[in-house]
Number of protein chains: 2
Amino acid sequence: MDKPATIKDVAELARVHAATASRALNPQTRDKVSPRTAARIVEAARTLGYSPNSAARSLRTRTSSVVGVVIPDLRNPVFPPIVRGVEDALREAGYLALLGNTDGDAERERDLLTTMRGQQLAGFILATSRRDTLPPLGPDVSVVLVNRRTEAGDIASVVPDSGAGVRAVVNLLVERGHRRIAHLAGPQDTSTGVERHRAFLDGLAAHGLSPVGVVVSAAFTEQAGYEAAQELLAGSAAVTAIVAGNDMIALGCYRALEERGLRCPEDVSVTGFNDMPFLDKQRPALTTVRIPHYDIGYEAARLLLERIANPGAPAKRVVLPVQLITRDSVTSPASPA
Amino acid sequence: MDKPATIKDVAELARVHAATASRALNPQTRDKVSPRTAARIVEAARTLGYSPNSAARSLRTRTSSVVGVVIPDLRNPVFPPIVRGVEDALREAGYLALLGNTDGDAERERDLLTTMRGQQLAGFILATSRRDTLPPLGPDVSVVLVNRRTEAGDIASVVPDSGAGVRAVVNLLVERGHRRIAHLAGPQDTSTGVERHRAFLDGLAAHGLSPVGVVVSAAFTEQAGYEAAQELLAGSAAVTAIVAGNDMIALGCYRALEERGLRCPEDVSVTGFNDMPFLDKQRPALTTVRIPHYDIGYEAARLLLERIANPGAPAKRVVLPVQLITRDSVTSPASPA
DNA sequence: TTGTATGCGTTATCAA
DNA sequence: TTGATAACGCATACAA
């Protein structure tokens, strides 16, 4: 097994031409060769431990069984399950995942895509969340967007039904008697931040309510959430409930409340978004919206594989349901407005 | 930008032959072409958005700029930072990471490696933790092990100094006055489980102590830790401190203690291992050992790149220091033995 | 310093 | 049904 066997070696052993061996070994074209010789070739391939050189194949076919997966940062807890779902779906189809982090940096994203484009990838799964940049990929490459959609709807995408999630949160709060509800929005240069903000306003409006305050958090982090919450609490009077743009912001909100001597949920109810791990172990356990991250990744990969197999078909846009997770951080306000 | 530009296009635009363009674009051979023409070629490449076809290059050079990264499960919180570190180091060198999960399944690992081997990868980073299986890769492929070492020491590896970490934990407990110390060990078919168990025994022995109880947890999960802790608490009398095999097991231990009406740390001190996210927000905040996951990944990738550049060099074995993180889950025993 | 020629391993096209 | 041939894009030995 010093030099890996080539298709020529297989052909020689099976006493056929390399082209015939190629046909026999490729499921697509196996029926173009007689069963008897095909069997001989397969046998020869096995005894030689032949495994096709993917570089040569890619060069010839201008594609590969590798998919590029681009995310902002793997350390953000929403991405591991997404990537895992992607990988599982890809593997079932014999594909592999090439992973890249961008840190949300447009230039880094561009570099990464350029590098990846040189790899003859079969397609891309883009889970980046900046709103402005659209991937500089040709129209011929298969792409599936995760957590984001194009206005035009010309690119396939998989997103959670965030709007429904935020509205469910708002409905819960209103049902519990809250009227003075504020929002700690995520960064407004991200699609998720904008989307949830809009849904928050819509949700309130459906009850004839207006927000008692909205502060945009500088990032989806605990620290930024903490700072935004400070600002909110300093400014608005008598907030009874805060809808945070995500779980991290909600945790920052916990800290700000504690610092001001406010109890959660007795004084202020708080909700998150995403249902990260260990939220059930926070004090208080955070009421939030569970996003089916794994399923999103899995579905995105399935969609991509579909598009690779059938590039002409219209771009599907999948919306996955979310789930309200009711825990301890929401209760009725002490003095209903 | 429909058809990606080839080196021929670049050469044409720069009015040179493709071979010259190749030389100019390759750092290795850039000095074999005059600075003026080189500049012209680089400029042409940029205007065309040229990125080399890696399939062609791999076919020619019999290698690629892609590295296989194999882990058990990305959803285990120790792996995202490791993979991120790997990716960062690889990217600095122009390499990409092909990611695969094995779920600790030996067969799946074998399949994955076989598939990856067909991709002309430049090397592998193996972060799997089963002790029995050794990767079925030829001696010619570059490999770096993460969190694990071979007995023979013939394969490069990067590991945290887990022994020192466990001993630091034991020392802390002994300093605080604990004498009746037990261990909830991780699965003994993993290298980490075995290693920490041994270090626990050594650490106690250094103080002339013997363990008051050792129960092996079926897995590195909260549930398994919970069950193991139940068994431990039912069996041994008067444990004052428990050293858990990792943070998840420690959290399971929390639950078991609570169920038995025991308070942590007043009745029983508990320690973890890994310093997962959000441990500081647990109740009580968990005293644990911080592993430099990102650095481990980064260093592993650096090592691999070194080996790729210089396959003949002896295999380095890097041990990274760990850090004791003292929080609230350890205190002095109520009644020192 | 630059150009020419060749081959890496595979598969698509054409001919037999 | 099978064989011959060419080409995918790049890097390198050799010639100029």
Side-chain angles (χ1 to χ4, degrees), chain A residues 2-42 44-45 48-66 114-115 117-122 140, chain B residues 2-42 44-45 48-66 94 117-122:
Chain A
D2 284 299
K3 306 285 171 191
T6 75
I7 201 166
K8 245 181 158 175
D9 300 327
V10 173
E12 203 168 329
L13 182 59
R15 301 178 159 277
V16 294
H17 192 269
T20 308
S22 174
R23 286 188 278 256
L25 262 17
N26 197 317
Q28 284 272 17
T29 51
R30 175 158 308 169
D31 52 356
K32 307 189 78 176
V33 53
S34 88
R36 262 193 38 218
T37 49
R40 214 168 64 237
I41 292 165
V42 169
L48 290 179
Y50 169 74
S51 106
N53 181 318
S54 65
R57 174 178 288 174
S58 292
L59 182 58
R60 187 65 176 97
T61 62
R62 320 182 73 80
T63 185
S64 74
S65 295
V66 178
T114 304
T115 308
R117 213 182 31 158
Q119 301 278 337
Q120 324 305 119
L121 301 189
D140 49 327
Chain B
D2 284 297
K3 304 286 170 191
T6 74
I7 201 167
K8 243 182 161 176
D9 300 326
V10 174
E12 203 167 329
L13 182 59
R15 300 176 158 279
V16 295
H17 193 269
T20 308
S22 173
R23 286 187 276 256
L25 263 17
N26 198 316
Q28 284 273 17
T29 50
R30 174 157 310 169
D31 51 357
K32 309 189 77 176
V33 52
S34 88
R36 263 194 38 218
T37 47
R40 216 168 62 237
I41 291 165
V42 168
L48 288 179
Y50 169 73
S51 102
N53 181 317
S54 65
R57 176 178 286 175
S58 293
L59 182 58
R60 186 68 172 83
T61 62
R62 319 182 76 78
T63 185
S64 76
S65 294
V66 178
R117 214 180 29 160
Q119 300 278 335
Q120 328 305 121
L121 300 189

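Below, read A as the first sequence line, B as the second, and so on, with proteins coming before strands; counting in each chain starts at 1. A quick note: this is a predicted structure, and the numbers were derived from the prediction, not measured.
- Phosphate contact (OP1/OP2 of D/dT2, side-chain N/O of A/Ser34, threshold under 4.0 Å): present.
- Distances shorter than 4.0 Å separate some side-chain N or O of A/Thr37 from OP1 or OP2 on D/dT2.
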Determine, stepwise, if the pair B/Ser54 / A/Gln119 fulfils side chain to side chain donor-acceptor pair (under 3.5 Å). CA-CA 5 Å; B/Ser54 65; A/Gln119 301 278 337; 3.2 Å; yes
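- Rounded to a whole Å, the CZ atom of B/Arg60 is 13 Å from the P atom of D/dC10.
- Distance B/Ile7 CD1 to D/dC8 P: 15 Å, rounded to the nearest Å.
- Along DNA chain C, the nucleotide closest to A/Ser51 and the one closest to B/Arg23 are compared, and the more 5′ of them pairs with B/Arg23.
- Contact annotation: B/Ser22 does not reach the phosphate of D/dC10 (side-chain N/O to OP1 or OP2, under 4.0 Å).
- A residue-by-residue look at B/Pro35 and B/Leu59 shows that B/Pro35 has its nearest nucleotide of DNA chain C further toward the 5' end.
- Remark: P of D/dG3 and NZ of A/Lys32 are 14 Å apart, rounded to the nearest angstrom.
- Here the side chain of A/Thr61 pairs a donor or acceptor atom with the backbone of A/Arg57 at under 3.5 angstrom.
- Whole-Å rounding puts the A/Arg40 CZ to D/dT1 C1' distance at 12 Å.
- Distance alone, capped at 3.5 Å, is enough to place a donor-acceptor pair between the A/Ser58 side chain and the A/Thr63 backbone.
- Rounded to whole Å, atom C1' of D/dA7 lies 13 Å from atom CG of B/Asn53.
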Chi angles and distances behind the side chain to side chain contact (heavy atoms under 4.5 Å, CB included) call for A/Thr37, A/Arg15: CA-CA 9 Å; A/Thr37 49; A/Arg15 301 178 159 277; over 6 Å; no
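- The nearest whole Å value for the distance from the CG atom in B/Leu25 to the C1' atom in D/dT12 is 15 Å.
- Between the P atom of D/dG9 and the CZ atom of A/Arg57 lies a distance of 18 Å, rounded to the nearest Å.
- Chain A approaches DNA chain C over the interval C/dG9 to C/dT13, counting the first and last nucleotide 5' to 3' with an atom under 4.0 Å from its heavy atoms.
- Considering A/Val10, A/Leu25, A/Ile41 as possible partners of A/Thr20, the one that fulfils the side chain to side chain contact (heavy atoms under 4.5 Å, CB included) test is A/Ile41.
- Between B/Tyr50 atom OH and D/dA11 atom P the separation is 6 Å, expressed in whole Å.
- With values rounded to the nearest 0.5 angstrom, A/Lys8 atom NZ is found 15.0 Å from A/Leu13 atom CG.
- The side chain of A/Val16 has D/dG3 as its nearest neighbour among D/dG3, D/dA11, D/dA6.
- Remark: the backbone N or O of A/Arg30 is not paired with any side-chain donor or acceptor of A/Arg23 at under 3.5 angstrom.
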